[in-house]
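In listed order, ligands and their atoms are each counted from 1.
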Amino acid sequence: MANSNIKNYPKNVGIIMDGNGRWAIKNSLKISQGHKKGVEIVRNIVEDSVKHGIESLTLYAFSSENWNRPKAEINAIKKLVVEAINDQVEELKEKKVALKFFGHLDEFGKKILDKIKYAENETQTEKNKLNLNIALGHGGQQDIVDVIKKVSQKVIAKEIDLNKINVKTVLKNSSVPVDEIDLLIRTGGDKRISNFLLYQIAYAEIIFIKKYWPDFTSKDYIKCLYDFSKVSRRFGKRLNY
Ligand code: FPP
């Protein structure tokens with residue numbers, strides 16, 4: 001079975017942590033308690049990612065569309081983000097895990113923005129073991145729109161030559177801190193992308209897991225890493241058989 005010596009583990013992992021709400025309902029708990037349990041799972045998966053040499057872990061914590069949820073739930077998630085930073089920054093520093101938040105962060109207000117900046121500054125080291133990227137107020141489509149606006153402005157200002165725009169230009173001007181996701185995992189049973197990253201998952205292997213996020217275990221995660229290591233990734237090329 002899987003062990004840390006396997007060389008073909010993914011470098012960059014993305015996770016859509018779905019099912020907190022349904023897990024809470026199944027266990028006769030409040031929705032916010034589902035999200036709380038979800039944060040505990042994040043802690044385990046971060047630890048496993050460090051252990052198994054994953055370079056970056058990108059988590060979908062709050063989508064652009066999540067603003068349509070009840071205010072109480074939005075507030076509970078905001079509170080959890082602040083609590084997670086307060087509780088875990090020291091541990092992340094020790095483990096050399098560098099935090100980075102991305103998305104329309106301004107919409108979360110000054111208090112959360114300050115907290116995020118503090119967490120990012122505190123956890124930057126010269127030799128990070130893991131880059132932990134948290135999507136907050138992120139939508140893949142919105143990010144592409146933002147890139148179009150930014151690049152257009154640079155073209156108008158003659159900083160970029162229109163004819164030299166390529167895939168790298170888009171990645172460089174995106175707020176997403178990782179260029180290429182190798183493995184995307186979605187828990188919760190649904191088989192969709194829900195506007196997560198989009199541009200960066202062009203060649204990602206995708207694994208859909210039936211379990212709700214709060215039931216996702218280290219064993220499940222390591223099985224995903226192992227299953228990924230067995231896949232032949234051709235990137236459109238013909239390999240020699
Ligand atoms: C999806 O479950 C989960 C979310 C929208 C929120 C996830 C957020 C966290 C786990 C907190 C993140 C905080 C940090 C610091 C990483 P859902 O509520 O959509 O589940 P459902 O589909 O069963 O309703």
Side-chain angles (χ1 to χ4, degrees), residues 13-50 54 56-93 95 97-105 107-108 111-120 122-123 130-140 177-178 184-197 208-217 220-221:
V13 178
I15 307 185
I16 302 174
M17 312 175 286
D18 198 21
N20 292 348
R22 281 167 288 162
W23 180 87
I25 290 164
K26 186 185 86 178
N27 290 287
S28 312
L29 297 167
K30 286 194 213 151
I31 300 280
S32 59
Q33 286 171 289
H35 294 313
K36 193 164 191 265
K37 181 72 184 169
V39 176
E40 285 174 32
I41 305 301
V42 167
R43 197 181 197 147
N44 300 340
I45 299 305
V46 167
E47 208 173 307
D48 295 328
S49 299
V50 173
I54 305 303
S56 81
L57 177 64
T58 304
L59 302 176
Y60 207 6
F62 195 94
S63 73
S64 307
E65 290 72 31
N66 286 153
W67 285 114
N68 297 317
R69 292 201 174 189
K71 221 172 170 180
E73 184 178 351
I74 294 174
N75 287 337
I77 294 177
K78 283 184 181 174
K79 205 169 149 222
L80 274 175
V81 171
V82 173
E83 278 173 14
I85 291 175
N86 288 340
D87 294 349
Q88 294 183 35
V89 157
E90 284 310 312
E91 195 180 320
L92 294 174
K93 268 167 82 170
K95 294 199 167 109
V97 176
L99 259 178
K100 173 88 188 147
F101 290 82
F102 68 98
H104 285 184
L105 303 175
E107 291 167 9
F108 286 82
K111 198 176 141 205
I112 292 192
L113 262 184
D114 287 349
K115 203 42 122 182
I116 284 172
K117 277 185 200 143
Y118 157 80
E120 288 181 343
E122 282 290 303
T123 56
L130 172 75
N131 291 307
L132 176 57
N133 307 317
I134 311 284
L136 266 191
H138 162 82
V178 59
L184 176 66
I185 300 167
R186 179 183 185 131
T187 59
D190 291 324
K191 292 181 177 159
R192 54 177 174 256
I193 301 302
S194 299
N195 204 13
F196 185 45
L197 304 178
F208 295 103
I209 301 282
K210 278 198 182 146
K211 280 186 181 179
Y212 299 143
W213 176 248
D215 288 328
F216 190 69
T217 63
D220 296 325
Y221 183 46

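Atom 3 (C) of ligand 1 has as its closest protein heavy atom Met17 O, 3.3 Å. With respect to atom 16 (C) of ligand 1, the closest heavy atom belonging to the protein is Ile134 CD1, 3.9 Å. In terms of protein heavy-atom proximity, atom 4 (C) of ligand 1 is nearest to His35 CE1, 3.7 Å. Scanning all protein heavy atoms for the shortest distance to atom 24 (O) of ligand 1 gives Gly21 CA, 3.6 Å. Here the heavy atom of the protein found nearest to atom 11 (C) of ligand 1 is Val39 CG2, 3.7 Å.
Here Glu47 contributes atom CD and Tyr221 contributes atom OH; the two are 12.0 Å apart, rounded to the nearest 0.5 Å. Residue Ile193 holds its CD1 atom at 10.0 Å from OH of Tyr60, rounded to the nearest 0.5 Å.
Using a cut-off of 4.0 Å between Lys/Arg side-chain N and Asp/Glu carboxylate O, Glu40 and Arg43 are scored as not salt-bridged.
In Lys78, the NZ atom is crowded: over 12 heavy atoms of neighbouring residues, nucleotides or ligands sit closer than 6.0 Å. More than 12 heavy atoms of other shown residues, nucleotides or ligands fall within 6.0 angstrom of atom NZ in Lys26. The local environment of NZ in Lys79 is sparse, with at most 12 non-hydrogen atoms from other residues, nucleotides or ligands closer than 6.0 Å.
With hydrogens and angles left out, the side-chain atoms of Ser56 and Asn131 include no donor and acceptor closer than 3.5 Å.
Polar contact with ligand 1: present for Arg22 (N/O pair, distance under 3.5 Å).
Contact analysis leaves Leu59 out of contact with ligand 1, as no non-hydrogen atom separation drops below 4.0 angstrom. At least one heavy atom of Arg69 lies less than 4.0 angstrom from ligand 1.
Nearest-residue assignment for atom 9 (C) of ligand 1 (options Asp18, Asn20, Leu80, Leu99; heavy-atom criterion): Asn20. Nearest residue to atom 6 (C) of ligand 1 from Gly34, Ala61, Gly188 is Ala61 (criterion: closest heavy atom).
Here Asn66 has side-chain heavy atoms under 4.0 Å from ligand 1, and that is the only part of it that gets that close.
In summary, of the residues considered (Lys93, Lys117, Lys115), a salt bridge (Lys or Arg N to Asp or Glu O under 4.0 Å) with Glu122 occurs for Lys93 alone.
Distance remark: protein heavy atom not present below 4.0 angstrom from atom 14 (C) of ligand 1.
The closest side-chain heavy-atom distance from Met17 to Leu59 is below 4.5 Å.
Here is the list of ligand 1 atoms found below 4.0 Å of a heavy atom in Ala84: 15 (C).
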